[in-house]
Amino acid sequence: KKDNPKFVDKPSDELVKFVIYLSGTTITEYSKYINDEFVETTTFSRYDSVIEKVTKDAAGKVSLKSVYKLGANDLAVSSVDTSFTDQELDVYRSEYIYENNFWVEKTMVWKAGETITDFYFRRTIENENVTVFMMEEPAACGNRYSFNDDINKLDLSFSNGITGKWSKNLKVHTLWNYGCPCGPSNSIANSDYKYEFDSDG
């Protein structure tokens with residue numbers, strides 16, 4: 001509740017798992033589980049120069065729909081994300097700027113009811129890995145990532161390369177919400193990652 005915020009004071013035991021369906025190295029669908037309980041599934045569909053990404057909850061109800069308009073090199077020049085909740089409808093329109101096929105800047109307009117907010121994001125690329133993701137406006141906060149030396153053969157951000165290249169190596173750690181104002185929805189947190197490999201790596 002807004003008048004009674006709760007803060008995370010210890011690491012959770014929450015374990016998130018994904019089951020991924022592939023066509024070659026392209027993800028066509030993935031399902032998310034939390035502590036082995038099915039939470040949601042996401043599918044990708046392509047229509048000429050448009051890619052649609054739809055997420056449904058465990059009951060089969062659409063919770064998020066993203067539509068990407070593709071430009072040169074099949075990279076998204078813009079996207080519209082619609083988030084469906086019981087309370088309201090949130091719509092996000094984004095535009096992307098690329099360097100070496102990595103998106104490095106993104107402008108976004110968020111509309112929630114009658115409220116409109118502008119955002120500006122920037123990503124830092126080092127050694128072909130995304131090491132920092134910052135929301136510079138309206139607040140300077142973001143995530144920091146570290147990587148191991150293993151080659152990342154799948155787009156584990158689940159964007160299928162729609163918004164450009166993904167990190168070359170496998171992520172081993174994320175520091176979430178670095179520099180953000182402390183609050184129930186943006187407390188600083190950490191994630192660690194483990195991987196299992198098949199014969200193709």
Side-chain angles (χ1 to χ4, degrees), residues 11-47 49-58 63-68 70-77 79 81 94 96-106 121-134 142-178 188-201:
S12 75
D13 294 325
E14 183 173 278
L15 181 64
V16 181
K17 295 182 181 180
F18 295 94
V19 176
I20 304 169
Y21 300 90
L22 298 170
S23 175
T25 57
T26 300
I27 298 171
T28 58
E29 180 179 324
Y30 64 90
S31 299
K32 180 178 180 179
Y33 296 80
I34 298 179
N35 294 336
D36 291 326
E37 181 178 344
F38 172 65
V39 176
E40 64 186 21
T41 186
T42 300
T43 57
F44 294 86
S45 302
R46 176 156 185 171
Y47 309 96
S49 61
V50 170
I51 290 180
E52 183 180 79
K53 179 181 177 182
V54 177
T55 299
K56 296 181 180 179
D57 62 21
S63 58
L64 178 65
K65 180 178 180 181
S66 303
V67 178
Y68 299 89
L70 305 180
N73 301 323
D74 272 352
L75 298 178
V77 294
S79 63
D81 302 281
S94 302
Y96 304 88
I97 294 176
Y98 297 88
E99 287 182 9
N100 299 320
N101 287 335
F102 281 97
W103 82 257
V104 292
E105 295 181 40
K106 180 172 80 168
F121 302 90
R122 179 183 293 273
R123 295 199 309 178
T124 301
I125 314 299
E126 297 177 1
N127 300 319
E128 296 187 75
N129 290 315
V130 179
T131 57
V132 179
F133 168 80
M134 292 294 292
N143 307 325
R144 297 179 182 271
Y145 311 101
S146 57
F147 300 83
N148 61 23
D149 293 327
D150 293 320
I151 298 300
N152 179 14
K153 296 188 176 183
L154 293 174
D155 182 5
L156 298 177
S157 63
F158 302 130
S159 68
N160 266 342
I162 298 168
T163 52
K165 292 170 63 175
W166 55 83
S167 292
K168 175 182 177 181
N169 300 110
L170 289 173
K171 188 188 306 177
V172 292
H173 183 261
T174 300
L175 173 62
W176 301 96
N177 299 320
Y178 175 82
I188 293 175
N190 293 276
S191 290
D192 295 302
Y193 304 87
K194 296 180 180 179
Y195 303 91
E196 293 181 5
F197 300 93
D198 64 10
S199 58
D200 294 322

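Starting from 1, each residue takes its place in the sequence as its number. As the structure is a computational prediction, the values presented were derived from the model and not from experiment.
Shown here is N190, whose CG atom has more than 12 heavy atoms of other residues, nucleotides or ligands within 6.0 Å. More than 12 heavy atoms of other residues, nucleotides or ligands lie within 6.0 Å of CD in E52, so this atom counts as buried by the packing criterion.
Between Y193 and Y195, the angle of the ring planes stays under 30°, which puts this pair in the parallel group of the 30/60° scheme. Using the six-membered ring where Trp is involved, W103 and F133 have ring planes that are perpendicular, over 60° apart on the 30 and 60° scheme.
Checking side-chain atoms of S167 against main-chain N and O of V130 turns up a donor-acceptor pair under 3.5 Å.
Counting heavy atoms from C-beta on, the side chains of L75 and Y96 never come closer than 4.5 Å. At least one side-chain heavy atom of L154 sits under 4.5 Å from a side-chain heavy atom of L22. Counting only heavy atoms from C-beta outward, the side chains of I20 and F158 approach each other to under 4.5 Å. Two residues are said to be in side-chain contact when any heavy atoms from C-beta on lie closer than 4.5 Å; N152 and N169 fail this criterion.
Counting all heavy atoms, side chain and backbone alike, G201 lies closest to K153 at O-CD, 3.9 Å. Looking at every heavy atom in both residues, I162 comes nearest to Y98 through O-OH, 4.0 Å. Contact detail for V132 and R144: the closest heavy-atom pair is CG2-NH1, 3.8 Å.
Residue E29 holds its CD atom at 8.5 Å from OG1 of T42, rounded to the nearest 0.5 Å. Atom NZ in K53 sits 9.0 Å away from atom CD1 in I27 (nearest 0.5 Å). Between atom CZ of residue F102 and atom CD of residue E128 there is a gap of 5.5 Å, rounded to the nearest 0.5 Å. Put simply, CD1 on I125 and CG on N101 are 11.0 Å apart, with the number rounded to the nearest 0.5 Å. Here N143 contributes atom CG and M134 contributes atom CE; the two are 9.0 Å apart, rounded to the nearest 0.5 Å. Remark: T25 OG1 to D155 CG distance equals 9.5 Å, nearest 0.5 Å.
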> Are F197 and D150 close enough, and set up right, to give a side-chain contact (heavy atoms from CB on, under 4.5 Å), and what steps lead you there?
Replying inline: CA-CA 11 Å; F197 300 93; D150 293 320; 4.0 Å; yes
>> Please determine whether side-chain contact (heavy atoms from CB on, under 4.5 Å) holds for the pair V16 and V39, giving the CA-CA distance in whole Å, both sets of side-chain angles, and the decisive distance to 0.1 Å.
In response: CA-CA 10 Å; V16 181; V39 176; over 6 Å; no
> How far apart are the C-alpha atoms of K32 and T41, what are their side-chain angles, what is the distance that settles it, and do they pass the side-chain contact (heavy atoms from CB on, under 4.5 Å) test?
Replying inline: CA-CA 6 Å; K32 180 178 180 179; T41 186; over 6 Å; no
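Every side chain to side chain donor-acceptor pair (under 3.5 Å) that R46 has, sequence neighbours left out, goes to D74.
Side-chain polar atoms of S31 and Y21 form no donor-acceptor pair below 3.5 angstrom. Inspection of the N129 and T131 side chains reveals no N or O donor paired with an N or O acceptor under 3.5 Å. A side-chain donor from one of W176 and S191 sits under 3.5 Å from a side-chain acceptor of the other. For the residue pair Y68 / T163, no side-chain donor-acceptor distance below 3.5 Å is found, with atom types taken as modelled.
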